[in-house]
Amino acid sequence: MKTHHIALGAFLVNCSVVLWYSIHPRDVQNGETPTLGEATQAFFDREQCFDIDNRDLDECQVEKFPTMLPPGLHPYAQHHDTDEEATAEDMGEDPMLDQMPTADFKAYKRQDISSMYQELPGTRIERTPKFQGLAAKMVNMSPQRLDLTYDNGEGPPGSILAHVGPFESGGTSTYPNHMFYFVKPKTREVVCSMRIRKGTSVYYCDPFVDTDKEDPSAGVLWGPPRSMDTLMEQERDLYNAALYNREFGSLYEDFTGSPWYGQFPQEPPRHHMHRAEYFGQEHTVTSAESHFTSLPPDDELYHELSVQEMMRNETSSIPFQAYRQEGKLNITIKAVSVAPRIFQIDGFLSELEVDHIIELANRKTLRRSTTGSGADTQVSSVRTSETTWLPRHHSPVMDAVIKRAADVLKIDEALMRFRQPGEHPDLPSRIPINEDLQIVHYNQKAEYTTHTDHGYPDTRPNAPSRSINLCIYLNEGMKGGETAFPRWRNADTDDAIKAVPQKGKAMIFYMKNPDGNLDDLSQHAAMPVIEGEKWFANLWTWDPFRE
């Protein structure tokens, strides 16, 4: 097998063989609804547009929907930058956003492949990936909760992947010709079947219309259509919103070439996104959180920190300075992929910090890793690692690592801990926007086949979801164990791009594009460990907040 190497640090391109993996939207908990953006609110103020009989009114046409605000103009995105001056990328919207001619929306339009090499358009030809899989979203357009199932070769009703609420969606990484069903939970009666087709990523189960055999996204209805008269007023509103979203999705895909996984109207990400306009593009961040070079005494090292002890402001002194590298830490962030946006950071952690994190993980019980979330959490053969979680307050080293991560992501560190009253009062809760640091251990042969880290939106506008993953390699020297992105856009190879584990190295990849749509190209896999073992960490950040 031929391996392609590219001059972007320790990333490899290689052939990868992967299986399908199921993922379900993050569980939605009842709570306060966040304040809507002005454009989003303007859309919902048009109540008459939620009546199907008014769909032909001029003000109810998709192309008349309000424009979403560009990134960087949202209140949640405040960041106390450690750099002396704000860079140009902090001052305006992403240059890859383009006005849609058929809808009043700035969409992320994939650029010509040659520009990724800083060359004139048309000078390079994009390669088609060997990987034929895709990220499929299935929409339940009925007023009933349905189970999303996968046909494992035994026919319907299939194996349960997710429980999908009324007018909500589920999803999975899959391949053409795989078959899925929406079934009623109690009777196991099939409502719709959906066969995956090449080039179609979003599928709709609409029980109120006959199957459109000319539409590849239309699920096949099992039985006669239901009457719209059976819908209550609120259900009718949600159904019409789903229809609007489907219309917009068609316009969006025609314009961008990308499937629409969002819920229209959708605002851009509220948190900073580093730009990746060409391979090798670099950004520099200066962090006050320098490396630990020795460890404090045990009574201080294993002291769980209070919120007050974790807080940082412009006049704060850096704690435990005697045990740390002198001065500030200059961090280089290098783009190794433009689409999806992947960045590499060499030396993000010191060896001492890595060893401390593994030692903390070994003090806890590592359990078999799972897939899905909430009621859909399950042990699966597609993920065969072990997992535990480390909170920021667990030790001063952990606190420094999360603060350093906040600096790298250009996010206020207050957003990555429980906040005091008055800190970011515009958010609906005071919980961190990130999850605890997930520590993953892979023994020999362990892997995680191709999947996405994000869920799919519910019926709310701008529904919270995972948006950024800052992941860290905690050891090296094993054979295998790379992180592979099989669908990256490039003009060099049809193989996946792979991150090779190096102790202390970090990688950032974004699950959302600058227009707020989920990035289907962020599908990735943890390749099997052939020899040795692998230690790895995930730090997931949510947008616009975490529930």
Do side-chain atoms of [X] reach the backbone of [Y] as a donor and acceptor pair under 3.5 angstrom?
X: R236; Y: L231; value: no
X: T172; Y: T174; value: no
X: S169; Y: P457; value: yes
X: N140; Y: E168; value: no
X: Y510; Y: H274; value: yes
X: D543; Y: H271; value: yes
X: H451; Y: T449; value: yes
X: H272; Y: I411; value: no
X: N462; Y: E267; value: yes
X: N245; Y: A241; value: no

Search all heavy atoms of [X] against all heavy atoms of [Y] and return the closest pair with its distance.
X: C192; Y: L221; answer: SG-CD1, 3.9 Å
X: A135; Y: T452; answer: CB-CG2, 4.1 Å
X: M194; Y: Y203; answer: SD-CB, 3.9 Å

Salt bridge or not between E189 and K184? Use side-chain N to carboxylate O under 4.0 Å. yes
Quick one: do K106 and E93 make a salt bridge, cutoff under 4.0 Å? yes
Distance-only side-chain donor-acceptor flag, [X] / [Y], under 3.5 Å:
X: D147; Y: T149; result: no
X: S173; Y: Q523; result: yes
X: R110; Y: T256; result: no
X: E435; Y: W542; result: yes
X: W260; Y: N517; result: no

Could you tell me the separation between the [atom1] atom of [X] and the [atom2] atom of [Y], rounded to the nearest 0.5 Å?
X: S429; Y: F418; atom1: OG; atom2: CZ; value: 8.5 Å
X: R145; Y: H163; atom1: CZ; atom2: NE2; value: 5.5 Å
X: T541; Y: L409; atom1: OG1; atom2: CG; value: 5.5 Å
X: F105; Y: F255; atom1: CZ; atom2: CZ; value: 10.5 Å
X: N513; Y: L97; atom1: CG; atom2: CG; value: 9.0 Å
X: I433; Y: F545; atom1: CD1; atom2: CZ; value: 11.5 Å

When the ring centroid of [X] is compared with that of [Y], is the distance short of 6.0 Å?
X: Y175; Y: F131; answer: yes
X: F208; Y: Y239; answer: yes
X: Y261; Y: Y456; answer: yes

Between H424 and D412, does the side-chain hydrogen bond (donor to acceptor under 3.5 Å, both in side chains) criterion hold? Intermediate values first, please. CA-CA 10 Å; H424 295 277; D412 183 1; 2.8 Å; yes
Step by step, work out the side-chain hydrogen bond (donor to acceptor under 3.5 Å, both in side chains) result for D94 and Y108. CA-CA 9 Å; D94 195 287; Y108 174 76; over 6 Å; no
Summary of salt bridge (Lys or Arg N to Asp or Glu O under 4.0 Å) pairs that have at least one residue in residues 194-209, sequence neighbours excluded: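 Matches after skipping sequence neighbours: none remain.
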Might you work through the salt bridge (charged side-chain N to carboxylate O under 4.0 Å, His left out) test for D407 and R312, ending with a clear yes or no? CA-CA 12 Å; D407 289 337; R312 181 177 72 182; 2.8 Å; yes
Can you confirm whether more than 12 heavy atoms, excluding those of Q308, are under 6.0 Å from its CD atom?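 Atom CD in Q308 is crowded, with more than 12 foreign heavy atoms closer than 6.0 Å.
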Assess whether atom CD of Q234 is packed by more than 12 heavy atoms of other residues, nucleotides or ligands within 6.0 Å.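 Not buried by this count: 12 neighbours or fewer within 6.0 Å.
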Evaluate side-chain hydrogen bond (donor to acceptor under 3.5 Å, both in side chains) for W222 paired with S193, printing each intermediate quantity in order. CA-CA 8 Å; W222 288 39; S193 59; 3.0 Å; yes
D399 and salt bridge (charged side-chain N to carboxylate O under 4.0 Å, His left out): which partner among R404, R417, R392? R392
Of the options R487, K512, K137, R489, which is the one that meets D520 in a salt bridge (charged side-chain N to carboxylate O under 4.0 Å, His left out)? R487
Evaluate F509 against F485 for ring pair (Phe, Tyr, Trp, His ring centres under 6.0 Å), listing each step before the verdict. CA-CA 10 Å; F509 68 89; F485 292 80; 5.2 Å; yes
Going by the angle between their ring planes, with limits at 30° and 60°, are Y252 and F248 parallel, tilted or perpendicular? tilted
Please report the C-alpha distance between K109 and E253 in whole Å, then the side-chain angles of each, then the deciding distance to 0.1 Å, and finally whether the salt bridge (charged side-chain N to carboxylate O under 4.0 Å, His left out) criterion is met. CA-CA 10 Å; K109 192 172 184 180; E253 187 161 358; over 6 Å; no
side-chain hydrogen bond (donor to acceptor under 3.5 Å, both in side chains) between W540 and D453, worked out: CA-CA 9 Å; W540 284 296; D453 284 354; 2.9 Å; yes
